[in-house]
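Data block below; observations after.
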Amino acid sequence: MKSPPRWQQLEPAAADAVCAYAARTRENADQFAAVLEDIAANGLASVEDCTPWEELREAHLARLAVQPSAVA
């Protein structure tokens with residue numbers, strides 16, 4: 001018979017980081033669900049009222065370019 005897996009406890013800082021990641025992931029999932037619910041309730045916007053993804057990408061890349069790097 002195979003023995004059950006043994007669990008290794010995380011260091012407090014690592015556990016905090018995992019919890020923070022879970023909270024961000026949950027928040028992102030909630031935002032995504034809200035968008036889908038809005039689409040279900042109201043339909044899709046017309047193409048004329050939408051911003052092309054290329055413009056959104058370029059704006060996001062521009063924001064990232066001026067942001068200080070998080071890598072030390």
Side-chain angles (χ1 to χ4, degrees):
M1 185 167 157
K2 188 174 180 181
S3 61
R6 294 174 37 192
W7 295 88
Q8 179 180 347
Q9 292 291 352
L10 296 175
E11 295 293 327
D16 290 345
V18 170
C19 287
Y21 178 75
R24 287 191 309 273
T25 301
R26 185 175 294 112
E27 182 180 342
N28 289 340
D30 288 344
Q31 289 174 356
F32 182 58
V35 168
L36 294 176
E37 289 167 348
D38 184 63
I39 290 169
N42 302 305
L44 293 170
S46 69
V47 173
E48 296 80 24
D49 294 332
C50 294
T51 305
W53 73 269
E54 296 91 348
E55 288 180 29
L56 297 171
R57 179 194 64 210
E58 293 304 318
H60 182 66
L61 290 174
R63 284 191 304 274
L64 290 175
V66 298
Q67 209 173 25
S69 175
V71 178

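Please read all numbers here as calculations on a predicted model, not as lab measurements.
No donor-acceptor pair under 3.5 Å is formed between the side chain of D38 and the backbone N or O of A34.
One distance of note links OG1 of T51 with CZ of R57; it measures 14.0 Å at 0.5 Å rounding. Atom-to-atom distance recorded for L61:CG and L56:CG is 11.0 Å, nearest 0.5 angstrom. In this structure, CZ in R24 is found 11.0 Å from SG in C19, a value given to the nearest 0.5 Å.
In terms of heavy atoms, S46 sits closest to C50 at O-SG, 3.3 Å.
Remark: N28 pairs with no residue by the side chain to side chain donor-acceptor pair (under 3.5 Å) rule, at least two apart or across chains.
No more than 12 heavy atoms of other residues, nucleotides or ligands sit less than 6.0 Å from atom CD of E11. Residue Q31 places its CD atom among more than 12 non-hydrogen atoms of other residues, nucleotides or ligands, all under 6.0 Å distant.
In this model, a donor atom of one side chain and an acceptor atom of the other lie less than 3.5 Å apart for H60 and R63.
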